[in-house]
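Quick notes on the structure that follows.
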Amino acid sequence: MSVAVWEVANRLGVVAGTPAELFSVLLAGPRRTVRLPLPPDHALVRALRPLGHLDLVLDEPPELPGPPPAGSVDLGDPAAVCAADPVRVTRAYEADPDPRGGLRPAWLRAGQSLLRDQDPADRALVLLAALDESADPRTAAALTRGAAGSPWTLARSSRRPCTALTAAPDGRPVVREDRVLAVACLPDGTQAALDERGRLRLPGGRAGRLADAVAATLASHPATALAAAGGSVLTGDRMGTVHAFSLTGLEQAALHSGRVTALTATATAPAAAPATATASGAAPSPAPAALTVYSGGTDGTVRAWRPGRPPGRSALARCPCPVVALHAAGPYLAVAWADGLAELRRLDTGGTAVFRPGPRIRAVAATADGTLVVGLDDAVLHLACRACRPRR
C-alpha cells in the first residue's frame with residue numbers, strides 16, 4: 001500500500017509514510033473533500049471511509065501506476081534502483097525483506113520523494129541521506145558516486161531527533177531535540193525556546209530586560225513562531241501578525257492570512273556616522289541595526305518586512321501548502337514546506353536549489369557558506385549546495 005499512500009500524499013501536498021500517518025494528517029487538516037486517484041475498492045479507500053468529516057471523491061479510471069512491467073531490478077545495486085521505475089522498486093522491496101546493504105530500509109523511508117519523477121543522481125542523493133548507521137559502507141560509497149550529478153553534496157548526517165533549528169552567534173547550527181515549537185539565540189548567546197503552548201522559555205527563567213518583557217507578554221498572548229536578531233525578539237501569532245520587540249518599543253505588521261508558522265531575521269549594522277558628543281559629554285548611543293524579518297504562514301507565503309516600514313504587498317515565495325520553517329544567514333534563506341520540500345534561496349540573485357528528503361521536515365537552517373541543514377524526526381542532514389556559493 002506504500003505506493004498509494006505516497007501518491008495520495010504527494011497529490012494532497014502533505015507528507016505521510018504509512019496509512020496511519022496519512023489518516024492523521026487528513027484528520028488534522030481543514031480539508032473536507034479529498035480527491036483520491038484510487039478505485040472504490042482500494043484498501044486505502046476502505047480505510048478512509050469511516051472518517052466521517054472526509055468527503056472522498058474518487059478518480060475513475062484510477063490514475064495510479066498499474067502493475068509493474070515484466071522484468072527484474074537488481075535490488076542490491078544502487079545504480080540500478082536509482083534508474084529503475086520507482087513503483088516497481090517499491091513493490092519489489094515490500095515483497096523481499098532482505099535489507100540489501102541498507103538500500104531497502106532507506107528506500108522505504110524516503111519513498112515519497114523517490115516516487116517523484118527525477119534524475120537518478122537526485123534519487124541517489126535522497127537514498128544516501130536516508131541510509132542508517134548500519135548500512136554497508138559500500139552502499140554509501142556507490143550512492144555518493146551516483147549523486148555526483150546532483151546540485152547537492154551530503155556533507156554529513158546524524159541520526160538524532162530534531163524539533164527546531166537555529167544558529168548560534170558564531171553561525172554554528174543549534175539543534176533542539178525536546179518538544180518546542182521554535183528556538184532562537186539571543187544576542188548574548190542565550191537560547192530562548194517557544195514551548196508547545198506558545199510561551200517563551202528561558203534558561204534559568206530570566207535572560208535580561210527584553211527577554212523577560214517578551215516572556216511576560218507571551219504568558220497572556222501565546223505566540224506561534226519565534227526569532228531573534230539585532231537586539232530584537234520577533235514573534236508571530238495565530239492571526240497572522242508579526243511582532244518586533246526591542247528596548248525602544250514594539251512594532252507589528254499583519255503579514256499573513258492565518259497563523260504565522262515560521263520566523264527568521266537578519267540584522268545589518270548601520271553605516272558609520274561621525275562621532276558627536278551629547279550635551280552631557282557622554283558618548284552617543286549606537287544606532288540600532290537595520291532588521292529584515294522573514295515570515296511564513298499557513299497561507300503558503302513567505303514575506304519580508306522591515307520594522308519601521310509598511311510591509312510590501314508581494315510575497316517572496318508562495319506554495320499551495322503551509323510554511324514549516326525558515327532561517328536566514330548571509331545571502332541565503334532556507335525554507336521548508338509542509339509537502340516535504342526544502343529550499344535554499346539566494347536572496348541576492350534569486351537562485352533556488354531544492355531537496356526533498358522523503359520524511360516530513362521539522363526545521364531548516366542555512367549557513368553563510370551555502371549549507372542547508374534539514375532537521376527530521378530522527379535525523380539532521382547537512383547539504384552543501386554546489387551551485388549556489390557566495391560570490392567571492
Side-chain angles (χ1 to χ4, degrees), residues 10 13-15 110 112-126 128-129 147-155 157 165-167 171 173 225 227 255-256 261-266 292-306 312-376 380-392:
N10 280 336
V14 299
V15 176
Q112 185 171 338
S113 173
L114 297 167
L115 210 63
R116 291 175 175 269
D117 185 24
Q118 57 193 297
D119 293 335
D122 295 325
R123 283 205 180 98
L125 178 73
V126 172
L128 181 63
S150 166
W152 302 97
T153 298
L154 182 65
S157 64
L165 281 171
T166 189
L255 300 179
H256 296 277
T261 54
L263 283 174
T264 188
T266 59
T292 302
V293 181
Y294 301 95
S295 63
T298 54
D299 59 1
T301 65
V302 176
R303 298 185 180 275
W305 170 54
R306 292 186 176 180
R313 294 185 178 182
S314 60
L316 186 66
R318 190 182 297 273
C319 192
C321 64
V323 179
V324 170
L326 295 170
H327 185 257
Y332 298 105
L333 176 66
V335 187
W337 303 91
D339 65 352
L341 178 68
E343 298 179 323
L344 187 64
R345 291 174 168 261
R346 279 292 299 256
L347 295 170
D348 53 351
T349 66
T352 302
V354 301
F355 175 69
R356 289 184 183 272
R360 67 174 173 174
I361 300 173
R362 286 290 193 176
V364 287
T367 65
D369 66 351
T371 296
L372 174 66
V373 186
V374 181
L376 310 176
V380 178
L381 311 174
H382 295 248
L383 299 155
C385 182
R386 292 189 176 102
C388 47
R389 296 291 184 184
R391 289 176 293 191
R392 300 294 183 183

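Keep in mind the model is a prediction, meaning the values are calculated, not measured.
- For A262, the side chain to side chain contact (heavy atoms under 4.5 Å, CB included) partners are V323, L326, not counting sequence neighbours.
- For residues 314-327, the set of pairs meeting the side-chain hydrogen bond (donor to acceptor under 3.5 Å, both in side chains) definition, not counting sequence neighbours, is empty.
- Under the side chain to side chain donor-acceptor pair (under 3.5 Å) criterion, R345 pairs with E343, not counting sequence neighbours.
- The side chain to side chain donor-acceptor pair (under 3.5 Å) search around T292 returns R306, not counting sequence neighbours.
- Within the 4.5 Å cutoff, the side chain of R303 has no heavy atoms near those of the L316 side chain.
- Using a 4.5 Å heavy-atom cutoff, the side chains of R386 and W152 are not in contact.
- Residue pairs meeting the salt bridge (Lys or Arg N to Asp or Glu O under 4.0 Å) criterion with at least one partner in residues 328-342, sequence neighbours excluded, are D339-R356.
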Item to check | Test log, rule side chain to side chain contact (heavy atoms under 4.5 Å, CB included), inputs I361 and L376 | outcome: CA-CA 5 Å; I361 300 173; L376 310 176; 4.1 Å; yes
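- Taking the side chain to side chain donor-acceptor pair (under 3.5 Å) definition, one finds that T298 meets it with nothing, sequence neighbours left out.
- Not counting sequence neighbours, D299 has no partner by the salt bridge (Lys or Arg N to Asp or Glu O under 4.0 Å) test.
- The list of salt bridge (Lys or Arg N to Asp or Glu O under 4.0 Å) pairs with a residue in residues 323-334, not counting sequence neighbours, is empty.
- Every residue meeting the side chain to side chain donor-acceptor pair (under 3.5 Å) condition with N10, not counting sequence neighbours, appears here in chain and number order: Q112, R116.
- Note that OG1 of T166 is 11.0 Å distant from CG of L263, once rounded to the nearest 0.5 Å.
- Contact check for S295 versus T301: no side-chain heavy atoms found under the 4.5 Å cut-off.
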Item to check | Stepwise side chain to side chain contact (heavy atoms under 4.5 Å, CB included) test for V126 and F355 | outcome: CA-CA 8 Å; V126 172; F355 175 69; 4.0 Å; yes
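- The nearest pair of heavy atoms linking H382 to P173 is CE1-CG, 4.3 Å.
- Evaluation of the side chain to side chain contact (heavy atoms under 4.5 Å, CB included) rule for V324 yields A336, A338 as partners, not counting sequence neighbours.
- Atom OH in Y332 sits 7.5 Å away from atom CG in D348 (nearest 0.5 Å).
- Residues passing the side chain to side chain contact (heavy atoms under 4.5 Å, CB included) test with A328 are T264, T266, Y294, L333, sequence neighbours excluded.
- With sequence neighbours excluded, the residues satisfying side chain to side chain contact (heavy atoms under 4.5 Å, CB included) with A124 are C82, L143, A147.
- Taking 4.5 Å as the limit, every side-chain heavy atom of L383 sits out of range of all side-chain heavy atoms of T371.
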